[in-house]
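Here is the structure we will look at.
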Amino acid sequence: MPERGQQLTQSRQQKLLRLREQHIDPYPPRFPRTHTNQEAVAYFQRGQAGRTGDYRTRKRFAVAGRITGVRPHGKATFLDLRDGTQKLQVHLRRDILKKGYDLVDNLDLGDLLGARGILFRTRAGEVTIQATEVTLLAKAMRPPPEKWHGLKDVEIRYRQRYLDLMANQDILPIFQARSRTITEMRSFLINRGYIEVDTPVLVPVAAGAMARPFVTHHHALNRTLYLRIATELYLKRLIVGGMDRVFEIGRVFRNEGIDMDHNPEFTLLESYEAYADYNDVMEMVEQMVATVAQAVLGGTVVAHQGNEIDLSPPWQRVSLYEAIRKHTGIDIESYPDAESLGAEMRKRGVEASDRMSRGRLLDKLLGSAVEPHLVQPTFLMDYPVEMSPLAKAKPDNPHYVERFEAFAGGMEIANAFTELNDPAVQRQRFQEQEALRAQYGGEDFDRLDEDYLTALEYGMPPTGGLGIGIDRLVMLLTGQRTIRDVVLFPQLRSRDTGQALPPEPDA
RNA sequence: GGGCCGUUAGCUCAGUCUGGCAGAGCAGCGGACUUUUAAUCCGCGUGUCCAGGGUUCGAAUCCCUGACGGCCCA
């Protein structure tokens, strides 16, 4: 649609031509600014801007930003100039700028502009820069989104996030909070003596979680590789090697559906601590989340989807068995196999197919009947072994493992266990997973990783491990309803852009 | 994978039920205006009504298929 595009930008094209005729470079390489808008205004408000004398003798400022408003008044113009800190008003007068004012006639909303001048306060009370010189920094060839209603079209907001950031002032703070959340978690762990590592994204076996992987191919090695679905087994190899406290914050990939709290790639924190167990990890999670909330929000009470959630420790602790019994009335002990449990769930109106494994049924029961009630932070403890192939069994009951998940705002935000370090039992658990996969074709199970078993055979100390979904934690802290609002570029179905696609690499 | 809803100007949206000249605000274009700030005043409507097919004298509107998005369910 070249004609249409040209029409949209026709007058901007003409202005660009006129600028070039005036020998103005519309894309100069640099503009040395002396202050951000915020710094400039703060400086003025502190009364240090030398507010005596005329514009030739006062302190000069050089500021820059995007033009977000234009109010022409004959031989003068007001502009709103927005940089990453705030808006600053610019006043342009023909009698001061002289020939420099010609540029003003060729400016548009969205252009990037530098201004040098002195600061003053207008009659209306706004701190404003009186420009003695203006420099075009970049001509915008397309108009920005509408200023008053903002950009609402969610498709454009996600596909062209830069427009969302430009038009909607409440977006940047969410991603600032995200950045600080990650920074705080990192320093929390570093302060506790953890070492941060990077483990492979491309792996020969997609193990460590129950999820379908993305598949790719390495040409030189001529072999199939997978994008990791977890970092777990590599981090535990490092525990074997003697890195007693280790963590990774990284992207993992799961080839699954997209909904309010699932994006196919998401950011996961995993940490492992030798000689700790899941009770130690539980205390650390409470501490860490409260510390992060304090740093990011200045308090531990968060507003999330109409609820006030108090993240200060200690969090409620309840066994998974108790929680399911309380919220559904089902005593899962009485239904030790998939058939009887599925039948009981159907009897009580919970949808359950007779082709689901017991683990999957329990997961469904948890997700549909328990999770939505867990608004205040809660640890659900002690999961059935079939849901947790990498966790160590409880000493007094081999059907349950030392595992907890943390919930808040009706979302799962953390998953942790006392790690299974008996190589023979681990092998057996993996084999059970492979057997379940054969039996329940449609479901995701963990995969046997022979190389990991070899590592375990060298001896892994008793270890407490943890995974936290950072995206969901940020949702909780920033009050967002969907994961798409805390991921800058969420996955969307691809759309025909009319451009020729690059050739497919041969498979 | 299934159901429901949506897609109209650069942006935000009316118009669709009940078929009859394609609309508004902001943005834009032309003009006036040297302290405005959603500037104001005068003039101008800029369009592949998501795409394709069908019904009809006539379709943004009704029907079918598809794409993309949203919500709910799986």
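So you know, we letter chains A, B, ... as the sequences are listed, proteins then strands, and number each from 1.
Side-chain N/O atoms of Lys15(A) include one lying less than 4.0 angstrom from OP1 or OP2 on C29(B). Side-chain N/O atoms of Arg159(A) include one lying less than 4.0 angstrom from OP1 or OP2 on G69(B). Not one side-chain nitrogen or oxygen of Thr122(A) sits closer than 4.0 Å to the OP1 or OP2 atom of U36(B).
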Extract all donor-acceptor atom pairs below 3.5 Å that involve side chains of residues 72-81 of chain A and protein atoms in other chains or at least two apart in sequence.
unit_1   : atom_1 : unit_2    : atom_2 : d
Thr77(A) : OG1    : Tyr101(A) : OH     : 2.8
Asp80(A) : OD1    : Arg71(A)  : NH2    : 2.9
Asp80(A) : OD2    : Arg71(A)  : NH1    : 3.1

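Among C72(B), U37(B), G69(B), the nucleotide with an atom closest to any side-chain atom of Gln89(A) is U37(B). Distance from the side chain of Pro72(A) is smallest to A39(B) among U36(B), A39(B), C71(B). The listed nucleotides are U34(B), U37(B), U36(B); the one nearest the side chain of Lys87(A) is U37(B). Taking only side-chain atoms of Glu155(A), from C-beta outward, the nucleotide of C29(B), C72(B), C68(B) with the closest atom is C68(B).
With sequence neighbours left out, the salt bridge (Lys or Arg N to Asp or Glu O under 4.0 Å) criterion links Glu322(A) to Arg325(A). Applying the side chain to side chain contact (heavy atoms under 4.5 Å, CB included) criterion to Gln38(A), with sequence neighbours excluded, gives Thr36(A), Thr85(A), Gln86(A). Under the salt bridge (Lys or Arg N to Asp or Glu O under 4.0 Å) criterion, Glu386(A) pairs with Arg358(A), sequence neighbours left out.
The same atom, P, is picked in C11(B) and in C72(B); the two are 26 Å apart, to the nearest Å.
Residues in residues 321-357 of chain A take part in these ring pair (Phe, Tyr, Trp, His ring centres under 6.0 Å) pairs, two or more places apart or across chains: His327(A)-His373(A).
The NE2-P distance, from His91(A) to U37(B), rounds to 12 Å in whole Å. Following rounding to the nearest Å, Phe120(A) (CZ) and U34(B) (P) show an atom-to-atom distance of 15 Å. Remark: C1' of A74(B) and CG of Asp363(A) are 14 Å apart, rounded to the nearest angstrom.
Applying the 3.5 Å distance criterion, the base of U36(B) shares no donor-acceptor pair with the side chain of Glu126(A). Judged by distance alone, with hydrogens and angles left aside, Arg71(A) brings a side-chain donor or acceptor within reach of the base of U36(B), the pair sitting under 3.5 Å.
For G69(B), the paired base is C5(B) (Watson-Crick or G-U wobble, both distances below 3.5 Å). Pairing for A14(B) is absent, with no Watson-Crick or G-U wobble pair whose two atom distances lie under 3.5 Å. Using Watson-Crick or G-U wobble geometry with both donor-acceptor distances under 3.5 Å, U40(B) finds its partner in A32(B). Checking U61(B) for Watson-Crick or G-U wobble geometry (two distances, each under 3.5 Å) identifies no partner in any strand.
Of the N and O atoms on the side chains of Ser388(A) and Arg403(A), at least one donor lies less than 3.5 Å from an acceptor on the other residue.
The residue Arg157(A) sits apart from the nucleic acid: no heavy atom pair falls under 4.0 Å.
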Would you tabulate the nitrogen or oxygen pairs shorter than 3.5 Å linking the protein to nucleotides 11-14 of chain B?
unit_1 : atom_1 : unit_2    : atom_2 : d
C11(B) : O2'    : Glu146(A) : N      : 3.3
C11(B) : O2'    : Gly150(A) : O      : 3.3
U12(B) : OP1    : Lys152(A) : N      : 2.9
U12(B) : OP1    : Asp153(A) : N      : 2.9

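Aromatic ring orientation, Phe404(A) versus Phe379(A): perpendicular (interplanar angle above 60°, classes split at 30° and 60°).
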